[in-house]
Every structure is written in structure tokens, then in C-alpha cells.
Amino acid sequence: MKKTLLISGIALAAIGCTSHKATGESPAITPEPEQPVVVESTTFIPKATAFKMSGAYADKVAVTLGSDGRLLYFPAPSDITSRSMPTYLANGWWLNNQGLGANSVFTSWTFDEYAKLPSTPSAEEIKFHIIPGARVTDFFKTSVPLTEANSQLAKIKAQLP
């Protein structure tokens, strides 16, 4: 998208003044002609991702850990809806509807159980609920915009490795 910004004649007047007349009149101002300035802007549209997991954890809430084991991502219970569950694609691949990453692991909470929690659990409680070995094993970024993922499942399936 291109946006055109016009340089204000007032700003130019401040630097383009002529000499004062001896009569006490205001100085004559000769503004420069306005020149358009073109500014490029880019819009980032995230792409849909797919993942594989080490077991049957599609009904479980995932969280993401850093390489140091620190909790990097976890949802609030109010963030979890029926649309948060992954959508099965093919050959063990699932459409990422929760915001998982390559370092995501799965908790023992189902989506329904987690959504009903009265508040977001502490980091310690979340780590306690991580299922040992339950993790994302493969991760794939598609060319389909995230906002179109559920209506472009056939295209996503065709792109899977």
C-alpha cells in the first residue's frame, strides 16, 4: 500500500522567508511548491501452520516452553473456545488453531476442562500438568493466510510434506 504525504507549506515557510521590508510589514513568504513524498508500508499477515505430535493429544491444551524450560506461551482459560482445538488434516498433521510453536508441549487439561478454570493457573501449576513426552514433533508453515485456513483446508493438505 502506498501513502502519499504532502509537505506542508507552513513548514516550508519557516525556512523559506525572504528579507524584511523597512516599512514594518510582515515578511513576504514564498513557500516552495509542494512535493509528494511516497512512503511504502507493508502489512504482515501470518500464515497458517500445521503440526504433528508425539501422541493422541488433539483434545489437550498446549503450552510452549523455551529452550531453558521457561514457560513462554500459555492461554488464559477465556482464550480457549471450541475453535481452539486443532483440525485434523492428513497423515498425522493437524491445523494449528491454538497458536502452538515448535517447542509446544501438551497438558493433561482438555480444552473443556481448561476453559472452565476460574482463573489462569500459575506457571508452576501449568508445568505440573504437562504430560511427559507429549510434544509437537514436526511443524510446518503453509502459504495460506491464517484468516483463510479453515476455508482452505484442501490447499493446506496439498502443501504438507
Side-chain angles (χ1 to χ4, degrees), residues 1-8 11-12 14-15 34-161:
M1 176 188 303
K2 293 182 180 180
K3 293 184 180 181
T4 303
L5 302 175
L6 299 178
I7 300 173
S8 169
L12 290 174
I15 58 173
E34 293 181 353
Q35 299 293 322
V37 176
V38 178
V39 177
E40 299 285 332
S41 72
T42 2
T43 303
F44 174 74
I45 299 174
K47 302 298 183 190
T49 57
F51 66 93
K52 285 185 172 185
M53 54 192 142
S54 61
Y57 307 113
D59 66 333
K60 304 296 184 187
V61 172
V63 298
T64 303
L65 301 175
S67 58
D68 60 357
R70 190 183 49 180
L71 199 54
L72 297 180
Y73 161 81
F74 55 93
S78 60
D79 293 338
I80 299 298
T81 68
S82 59
R83 296 186 320 210
S84 301
M85 289 184 65
T87 303
Y88 185 71
L89 297 169
N91 301 321
W93 286 100
W94 294 80
L95 179 64
N96 182 1
N97 293 326
Q98 191 192 335
L100 306 181
N103 292 329
S104 290
V105 296
F106 297 91
T107 67
S108 60
W109 286 299
T110 65
F111 284 91
D112 188 51
E113 291 167 341
Y114 195 83
K116 291 178 182 173
L117 292 176
S119 61
T120 303
S122 68
E124 294 77 27
E125 188 175 2
I126 290 171
K127 285 183 174 185
F128 177 79
H129 280 270
I130 293 173
I131 302 168
R135 61 185 180 80
V136 168
T137 59
D138 208 350
F139 198 75
F140 179 74
K141 185 176 183 179
T142 75
S143 68
V144 176
L146 182 59
T147 55
E148 298 173 18
N150 285 305
S151 64
Q152 298 287 328
L153 294 178
K155 185 174 182 178
I156 291 172
K157 288 177 186 181
Q159 293 178 10
L160 294 172

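For the residue pair Thr120 and Pro77, the shortest heavy atom distance occurs at OG1-CD, 3.2 Å. When all heavy atoms are compared, the tightest approach of Ala58 to Met85 is O-CE, 3.9 Å. Residues Leu95 and Ala48 come closest through the heavy atom pair CD1-CB, 4.2 Å. Residues Pro75 and Val63 come closest through the heavy atom pair CD-CG1, 4.4 Å. The shortest heavy-atom contact between Lys127 and Arg70 is NZ-CA, 4.2 Å. The shortest heavy-atom contact between Ala50 and Leu160 is CB-CD2, 3.9 Å.
Counting only distance, with no hydrogens or angles, the side chain of Thr107 and the backbone of Val61 share a donor-acceptor pair below 3.5 Å. Of the possible polar contacts, none joining the Thr142 side chain to the Ile156 backbone as a donor-acceptor pair under 3.5 Å is found.
Counting only heavy atoms from C-beta outward, the side chains of Phe128 and Ser122 never approach each other to under 4.5 Å.
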Exercise for review: Please test Ser143 against Lys155 for side chain to side chain contact (heavy atoms under 4.5 Å, CB included), starting from the C-alpha separation and ending with a verdict.
Suggested key: CA-CA 9 Å; Ser143 68; Lys155 185 174 182 178; 4.2 Å; yes
task: Report the C-alpha distance between Leu71 and Leu65 in whole Å, list the side-chain angles of each, state the deciding distance to 0.1 Å, and finish with yes or no for side chain to side chain contact (heavy atoms under 4.5 Å, CB included).
output: CA-CA 5 Å; Leu71 199 54; Leu65 301 175; 3.7 Å; yes
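Summarising the geometry, atom CZ belonging to Phe51 is positioned 5.5 Å from atom CG belonging to Asn96; distances are rounded to the nearest 0.5 Å. How far OG1 of Thr137 is from CZ of Arg135: 6.5 Å, rounded to the nearest 0.5 Å.
Applying the ring pair (Phe, Tyr, Trp, His ring centres under 6.0 Å) test to residues at least two apart or on different chains, the pairs with a partner in residues 58-88 are Tyr88-Trp94. Each side-chain hydrogen bond (donor to acceptor under 3.5 Å, both in side chains) pair with one or both residues in residues 75-86, not counting sequence neighbours, would appear here, but there are none. Counting only residues at least two apart or on different chains, no salt bridge (charged side-chain N to carboxylate O under 4.0 Å, His left out) pair has a member in residues 51-60.
Counted within 6.0 Å of NZ on Lys47, heavy atoms from surrounding residues, nucleotides or ligands total more than 12; the atom is thus considered enclosed.
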Identify every side-chain donor-acceptor pair in residues 144-153 under 3.5 Å, counting partners at least two apart or on other chains, and give the distances.
from, atom 1, to, atom 2, distance (Å)
Ser151, OG, Glu148, O, 3.0

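Classified by interplanar angle (parallel below 30°, tilted 30° to 60°, perpendicular above 60°), the ring pair Trp93/Phe140 is perpendicular.
Applying the ring pair (Phe, Tyr, Trp, His ring centres under 6.0 Å) criterion to Trp109, with sequence neighbours excluded, gives Tyr114, His129. Ser67 pairs by the side-chain contact (heavy atoms from CB on, under 4.5 Å) definition with nothing, not counting sequence neighbours.
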